[in-house]
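Before any comments, here is the structure.
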Amino acid sequence: MTLVALLSMTTGAWAQTENEVTVTPVTDKTNQWTFTMPANDVELQVEYYAESHLFLSKEALADKDNIVVKNGETTVAFDDNGKSTNTVTEGNTVTATYTGKKVLGMTVKKGGIVLLSAATKDDIGKVVCAAGHLHEAKTAVPDGCTAVGILGQVTETGHGLILALKDAAQQTWNTINGWTSVNTYAGTTLKVLPDADARGTNLTSYTTLGEIPVSNWGVANYGPYSGIFLNLDSNKDYSDVYLYDNNVNAYITGAGGTALSGNYITLDDDGGSYAYDFDDSSYGPTGYSHLKNVRPIIAF
């Protein structure tokens, strides 16, 4: 269970002189003040202190009714995404109490940039950006970053799968089956989208995320999709596979993506009669030449 503190800076300023000098904040300007210069020399000093939001990890958020966090004597409240509704000032005493029976321990991590190369299963659901960084789940990435997709799987060897935020161009199984296969990432076979026409207007080609080599966008068998949906809190269990639902779509739309909707093609087929697709209610056979939605994934 993890509480993550993300730091932002706030400043105050004053002057030292024989007579008091008034320092006035500038309206609608962050960290700017004005003062009237006196006749004698002054020494202007600036003091920095940190105000932090607290964030509950995915596991802690699911059990937040049993977690009590206090900033001194003030109880810290958390919203539905696990972000504290107020900030805590550097140096304050923060206590976290767990009243349930599930937890074996509790850790606190200081916030900062998390690299995709250091991702663990605790990072599933976070937003991956083009620089190879991980950002908080269900939130827009900071200015200057380009969101790529949702981290949906991490293996024990540090590889994994990223679900696209938007659909590629519609395709038939016959067309996809003719694309080049890649199976050197995360133990998953992908048919890689070959060009801009296949990616459509929503997706950009990626062969690296930061310094991490990736497969580029591809279509997988249903197993990887089912595993991603399970990891993203799907409650739709259909004949031992998991389908997308509102929980899964919350991760996507929270990061600025487009919700899964309709029928999506997979690489699966029965060897001669049918291909297989899925929607939010079933996974089953479809025609080889039927045009279907494509929500690709990237493997790393």
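The nearest pair of heavy atoms linking Cys129 to Leu209 is O-CD2, 4.2 Å. Ala77 and Asn86 get closest at one heavy-atom pair: N-OD1, 4.1 Å. Between Gly125 and Ala137, the shortest heavy-atom contact is O-CB, 3.2 Å. Closest approach of Val192 and Ser215 over heavy atoms only: CG2-O, 3.8 Å. Taking all atoms of both residues into account, the shortest heavy-atom contact from Arg199 to Ser205 is CZ-CB, 3.5 Å. Shown here for Phe229 and Leu243, the closest heavy-atom pair between the two residues is CD1-C, 3.6 Å.
Arg295 places a side-chain N or O within 3.5 Å of a backbone atom of Leu165 that can act as its donor or acceptor partner. Distance alone, capped at 3.5 Å, places no donor-acceptor pair between the Ser282 side chain and the Gly284 backbone. Between the side chain of Trp217 and the main chain of Thr204, a donor-acceptor pair closer than 3.5 Å is present. Remark: the backbone N or O of Thr207 is not paired with any side-chain donor or acceptor of Asn216 at under 3.5 angstrom. In terms of modelled atom types and a separation under 3.5 Å, the side chain of Asn231 and the main chain of Gly152 share a donor-acceptor contact. Counting only distance, with no hydrogens or angles, the side chain of Asn221 and the backbone of Gly223 share no donor-acceptor pair below 3.5 Å. When atom types are taken as modelled, the side chain of Thr155 and the backbone of His159 share a donor-acceptor pair closer than 3.5 angstrom.
Using modelled atom types and a 3.5 Å distance limit, the side chains of Asn247 and Ser234 yield no donor-acceptor pair. Using a 3.5 Å distance cut-off with no hydrogens or angles, the side chains of Asp167 and Tyr264 do pair a donor with an acceptor. Side-chain contact annotation: Asn249 with Asn246, donor-acceptor N/O pair under 3.5 Å absent. Side-chain contact of Asp279 with Ser281: a donor-acceptor pair under 3.5 Å is present, judged by distance alone. For the residue pair Thr258 and Lys166, no side-chain donor N or O sits within less than 3.5 Å of a side-chain acceptor on the partner. Side-chain atoms of Asp268 and Tyr283 form a donor-acceptor pair, as typed in the model, at a separation below 3.5 Å.
Asp240 CG: 12 or fewer foreign heavy atoms inside a 6.0 Å radius. Around the OH atom of Tyr276, the shell of radius 6.0 Å holds more than 12 heavy atoms that belong to other residues, nucleotides or ligands. The neighbour count for Asp270 CG, taken as heavy atoms of other residues, nucleotides or ligands under 6.0 Å away, is above 12.
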*Step by step, work out the side chain to side chain contact (heavy atoms under 4.5 Å, CB included) result for Val127 and Leu134.*
CA-CA 6 Å; Val127 186; Leu134 299 178; over 6 Å; no
*What do the steps show when you test Leu267 against Lys191 for side chain to side chain contact (heavy atoms under 4.5 Å, CB included), and what is the final call?*
CA-CA 8 Å; Leu267 293 187; Lys191 290 287 189 177; 3.3 Å; yes
*Quick one: do Thr188 and Leu161 satisfy side chain to side chain contact (heavy atoms under 4.5 Å, CB included)? Show the steps, please.*
CA-CA 9 Å; Thr188 301; Leu161 302 175; 3.9 Å; yes
*Decide side chain to side chain contact (heavy atoms under 4.5 Å, CB included) for Leu260 and Ile252; before the verdict, give the C-alpha distance in whole Å, the side-chain angles of both, and the deciding distance to 0.1 Å.*
CA-CA 8 Å; Leu260 292 156; Ile252 297 169; 3.9 Å; yes
*Apply side-chain hydrogen bond (donor to acceptor under 3.5 Å, both in side chains) to the pair Lys70 and Thr75, showing each step before the final yes or no.*
CA-CA 4 Å; Lys70 288 195 172 184; Thr75 299; 4.5 Å; no
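Under a 4.0 Å N-O distance rule, the pair Glu156/Lys121 qualifies as a salt bridge. Using a 4.0 Å cut-off between a side-chain N of Lys or Arg and a carboxylate O of Asp or Glu, Lys236 and Asp245 do not qualify as a salt bridge.
Using a 4.5 Å heavy-atom cutoff, the side chains of Val214 and Ile162 are not in contact. Side-chain contact between Leu54 and Val69 is present, with heavy atoms from C-beta onward closer than 4.5 Å. The side-chain heavy atoms of Ile297 and Ile228, taken from C-beta on, include a pair separated by under 4.5 Å. Here the side chains of Ile150 and Val128 are not in contact, with every heavy-atom distance at 4.5 Å or above. The side-chain heavy atoms of Leu190 and Val219, taken from C-beta on, include no pair separated by under 4.5 Å. Contact of the Lys292 side chain with the Thr286 side chain is registered, since non-hydrogen atoms from C-beta on lie closer than 4.5 Å. Between Leu232 and Tyr244, every side-chain heavy-atom pair lies at or beyond the 4.5 Å cut-off. In this structure, the side chains of Phe78 and Lys83 stay at 4.5 Å or more apart for every pair of heavy atoms.
Tyr238 and Tyr274 fall into different hydrophobic clusters, where Ile, Leu, Val, Met, Phe, Trp and Tyr are joined by side-chain heavy atoms under 4.5 Å apart, directly or via other members. Neither Val294 nor Val182 shares a network with the other; the hydrophobic side chains, linked directly or stepwise wherever heavy atoms of I, L, V, M, F, W or Y lie under 4.5 Å apart, form separate groups for each. Residue Leu193 is not grouped with residue Tyr185 when hydrophobic side chains (ILVMFWY) are merged at heavy-atom distances under 4.5 angstrom, including chains of intermediate members.
With rounding to the nearest 0.5 angstrom, the CG atom of Leu115 is 10.5 Å from the CG atom of Asp123. Rounding to the nearest 0.5 angstrom, the gap separating the CG atom in Leu230 from the CD1 atom in Ile124 is 9.0 Å. The distance from atom CG of Leu116 to atom CG of Leu151, rounded to the nearest 0.5 Å, is 6.5 Å. Once rounded to the nearest 0.5 Å, the distance linking CG of Asn183 with OG1 of Thr189 reads 4.5 Å. Atom-to-atom distance recorded for Thr93:OG1 and Asn71:CG is 8.5 Å, nearest 0.5 angstrom. In this structure, Gln171 CD and Ile176 CD1 are separated by 5.5 Å, a value rounded to the nearest 0.5 Å.
A cation-pi arrangement is found for Lys138 relative to Tyr251, the charged atom lying closer than 6.0 Å to the ring centre and inside a 45° cone about the ring normal.
The aromatic rings of Tyr225 and Tyr222 lie parallel to each other, with less than 30° between the two planes, well short of the 60° mark.
In summary, of the residues considered (Thr172, Asp269, Asn177), a side-chain hydrogen bond (donor to acceptor under 3.5 Å, both in side chains) with Tyr288 occurs for Asp269 alone.
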